[in-house]
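We're numbering straight along the sequence, starting at 1. Bear in mind that the values here come from a model prediction, so they are computed numbers and not experimental data.
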Amino acid sequence: MIVALAHGVGLLALVLLAYRLLLRRFGGRRPFRLLSGLLFGAATVLSMMDAATVADGVIVDLRNVMVALAGLFGGWPAAAVSAALGGAYRLWLGGTGMPTGLLGLGLTAVVASLAAPVLRRKGAEPGLWRLALFGLLVSPLTLAGFLLLPSQELVRATLGVIALPLTGFTVLGIALLGTMLSREHRRVADERALAESEAMFRAVFDHSADSLFIARVAPDGSFLLQRGNAAAFVAFGIEAEGAQGKPLDAVLPPEAAAKLTADLQACLDSGGPIRFEDKETRNGVTRFWEVSQVPIRDSAGAIAMVSVGARDITRRHEAERTIRESEARYRLLARSVSDVISRIGIDGVRRFCSEAVRDSLGCEPGEMVGRPLVERIHPDDRAAVADGLGRMTPTSPTMKSTYRMRHADGHWVWIESAVRLVADDWGAPLEFVSVERDVTARKAMEAELHDARQAAEAANRSKGEFLASLSHELRTPMNAVIGFADLIARESEGPIANPFYKDFAANIRDSGQHLLELINEILDNVRAEAGQLVLEEETVDLEHAATFAVRLLTPRAGRAGIALSASVDPKARYLRGDDKRIRQILLNLLTNAVKYTPAGGRVSVETALEPGGGLRLEVRDNGMGIAEQDLGRVLQAFGRVENDATRPIEGTGLGLPLTRRLVELHGGTLALSSTVGQGTTAAVRFPPGRVADERGRTSGAPAERAQAPLSILMVEDDQTIRESGLALLRGWGHRAVGAVNANEALVVLRSPEPLDLLFTDIVMPPGMNGAELAREARRLRPGLPVLLASGFAAHAVVADDVAQAGYDQIAKPYDPAELQQRLDGLRPLGEAAAMPVPDRTVAAPPPPGPFPAGPPPSAPLSEPPSAAEAPVEALRVLVAEDVEMNRLLIVTILKQLGHRVVAVEDGAAAVAAVRRHPFDLILMDVNMPVMDGLVATRTIRDMAPPANRIPIVAMTANTFPEDVARCRAAGMSGYVPKPIDRRLLVAEIARCAVPAPDRPATTAGMGAGLAGKGRPMV
């Protein structure tokens, strides 16, 4: 048995030789594991062929050693293949020990596959002691198979004979052969690493752009060309073939060989690496080289070879020379310019300073170099400069600043500095470069300009104050002139015996109105020239503005026999601008067109979008026209075309110039085109940035959710008005039904069709008028809202009925914006009654209501009164006015409207009156002695409820936007300009008056005992 096992150990030597061949040929490739498994499997079979028989069918050999080594060095595939071959042969042999052999092979293959990763951890090959321990682990598996023998006696007998020898030879075989295999693996790995290293060296050496070669030291002290790369042979100008291994003087020209030999000998003498630069001239071309030589020593420490590397630095030399020349030029430039050029380190210390510092600071450049930048900066400016330098980064590399620096003689000089951060190719900061300029003279000029600007602004303020004072002083007497003339013309206190006096009063009123228009135009032109016209940006509805202008001028055009029309393209309806000024533009252009158009003519206004996205507004007439040479003159202030046709027409020549200024404030242009005898076209172009949608946004922005549609019954006998009204309502999404007269309307009212509103004209064909139809509608459908449409003359017919029933009214022709507002706020009476009543005991005063956009240009006061003048209920009104004539005028107007009035002379008296008596409304003049209207309003707003909630309407001749803003800020609820326009006053009272349920209980003797300078007027 021992001999057989010894034969098995000898077999391991053959396995080693065969494994070495496989490892060198296939190591690291996929077939290696399978082939190694076949090799160890064949060795397993050979081991069993030379086995020792210890019993019938029981043999002993080193098969498990072969399988274990296969699993250890070839992994589980090799272990499986070797175990399969050995198991097949043992199965073929058969006998009593066949199960024993198969079990041992299987266990050994599994354990070897599992143990291999542990023994060869991190790619390290196992050593002798690890392999011996692995053999001790495999030995019990070999012996464990014998437990399957058929009898216990045979098991004991067999183990007693083979246990010790088999264990020893297994451990010995695995340890010896495993150690040799591990060494073979390490040797092959080292050879491969050496080959890779040599390949990398050859790749780097042969393909380097630098000239590399190795010179071997001959025994006689000469040098042989051991090896060189392609770049070296090109540099030497020799062929690579046949040059390697020959002396330098045999392959190089004598002069070059002698110089190279001397350089190599210098390296030998130094005993270490050396580096130097060399210059070579060949064929008239000079090249510069950076040469490095490194000695290579043998195992004994003697220098056997010298490695030489030469890099062509000709371009670098040229670049350095160019930089030096450029630096010289820049130094010359720095000395020539008057600005101080400096280089500043990251630490804030100057490294270079140009010679211009002599002129700026009176010191030498050397005094600045090496000193901190902030050393000469004024103490108040140092922190800002230091912080600015600290915030500079490669992404934000520039900084501009202004600071003061100390001159050599001690005074301070203003410096304007531009600093740039310089970074390297990797973004790391290197230094700062600054250009400093003496701006002391400019600073002195700026100070002078600042003083001049302050003086100009003071002059402008004085001009503004003068304009405000002038406006107030001119409007105040005009208030009484126009107001009392209007009262006389209206015969408000009874009929005038002589009708001529009534005509005289009307002439006074109309002349005063004309004078007021002239004053307004003059003041607006002066404000425009002074730059005091400021736009209040909002969304302007051109359809509403055009309707307003046409409606305002319709009576005047009607008297002259001129047809007015307006056409607004829905796409060109909305504009961003000042609504008041846009309306003023329209009114000025339309008024001018009507003024110069004879009877029977036409005046129209149109809007449309232009191809470039702008908006075009045109006012056309077929009047007398303007000669081409006069078109420029009429756009100048006070410029008029004087001829027989225009001489009778009143005018100052201020309307068109003012209109042009208003258009230009909106960024637009005004152009006139005209033909004498055929008419004139005034074209206003607004830029695309002014065009907006109804919410002031660009087209395509999401619109707000529309309100729920209403069911409306519209009763109108005029077919044109009825059809246009129905189209307007249906265009807004409402369900509108039309009726010609009351009979048709009653059919609809008696039907089960749901209705949300009755919209009817007051005056209809003989039969039932609008007020009577409204009463019948309320009877048939309790709670149905009613909106009455009335012309000025028609309103007087049923004014009492309308006032008593409380129906809502709207003037004809309809203003779409006003009608839309009425419909948006519409709510059925039953639904309104169910709404919670707000708590009115809050002490804080309500915010002032929205002010009107401003007074419209005055229309002739001879027009009939509008529907808004009908008071729904008498009010208790407090009037505060210091001018006696104006106070008397306002009191007279209010008394004629049916209100009860208390009048005082100043704001202090008004405050005292409010503290003693309740009022429904206060008309407050702004400019008064003792206490002005603004202070009085603030005092009233600070009172306890309900006094602090009384609506206060401002009355003032100061009509500038800033004046209106001050009234709003003081807490006033409304605004009426002077001279007082009766219609505006009535409309503002109706808008601001406290509703009846909110009024305190009536107090008897309201006018008794009021404090004030003068006697109160009741």
Side-chain angles (χ1 to χ4, degrees), residues 482 486 489-490 502-503 506-507 509-514 516-517 543-568 583-606 618-625 645-646 648-651 655 679-680 682 716-725 728 761-764 789-797 799 809-819 855-869 981-984 987:
I482 296 176
D486 182 57
R490 290 173 178 269
K502 180 179 178 180
D503 294 338
N507 292 336
R509 178 195 60 196
D510 294 343
S511 298
Q513 191 68 33
H514 177 69
L516 180 61
E517 292 176 1
E543 182 175 320
H544 294 174
T547 303
F548 164 81
V550 169
R551 184 173 59 180
L552 198 62
L553 291 174
T554 294
R556 179 174 180 178
R559 290 192 297 270
I562 300 171
L564 283 179
S565 65
S567 175
V568 177
R583 294 189 179 208
Q584 188 174 358
I585 291 169
L586 275 169
L587 278 170
N588 286 355
L589 294 177
L590 285 171
T591 301
N592 207 58
V594 170
K595 186 188 302 183
Y596 292 98
T597 300
R602 298 184 309 276
V603 175
S604 65
V605 56
E606 297 179 0
E618 287 187 347
V619 175
R620 298 181 180 179
D621 65 70
N622 59 351
M624 59 185 65
T646 61
I649 301 175
E650 296 179 348
T680 303
E716 175 61 60
D717 61 314
D718 188 293
Q719 180 180 358
T720 302
I721 298 177
R722 183 176 65 254
E723 289 179 356
S724 62
L728 182 64
D761 190 14
I762 290 181
V763 176
M764 289 189 293
S790 64
F792 294 114
H795 166 72
V797 178
Q809 299 174 72
I810 188 170
K812 293 170 63 176
Y814 313 125
D815 182 352
E818 184 180 1
L819 180 58
S858 302
L861 292 178
S862 57
E863 299 174 14
S866 67
E869 292 190 18
D981 186 323
R982 177 189 178 91
R983 291 169 304 163
L984 289 178

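How far CG of L564 is from CZ of R551: 13.5 Å, rounded to the nearest 0.5 Å. Atom CG of L819 is separated from atom OG1 of T547 by 11.0 Å, given to the nearest 0.5 angstrom. In this structure, OG1 in T554 is found 11.5 Å from CD1 in I562, a value given to the nearest 0.5 Å. Taking CG of L553 as the start and NZ of K595 as the end, the distance is 11.0 Å to the nearest 0.5 Å. Interatomic distance, R583 CZ to N588 CG, rounded to the nearest 0.5 Å: 14.0 Å.
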* Show your reasoning for whether side chain to side chain contact (heavy atoms under 4.5 Å, CB included) applies to L587 and F548. => CA-CA 9 Å; L587 278 170; F548 164 81; 3.7 Å; yes

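Between the side chain of D621 and the main chain of T680, a donor-acceptor pair closer than 3.5 Å is present.
Residue V568 comes nearest to E543 through the heavy atom pair CG2-CA, 3.8 Å, listed as atom of the first residue, atom of the second, then distance. Taking every heavy atom of both residues into account, V603 and A593 meet most closely at CG1-CB, 3.7 Å. Contact record, A566 with A546: CB-CB, 4.1 Å, taken as the closest heavy-atom pair. A pairwise comparison of heavy atoms in G601 and N622 identifies CA-OD1, 3.4 Å as the closest pair. Shortest non-hydrogen contact noted between A549 and L586 is CB-CB, 4.3 Å.
Legend: residues meeting salt bridge (charged side-chain N to carboxylate O under 4.0 Å, His left out) with E618, ordered by chain and number and at least two apart, are R616, R620.
Within 6.0 Å of CZ on R722 lie more than 12 heavy atoms contributed by other residues, nucleotides or ligands.
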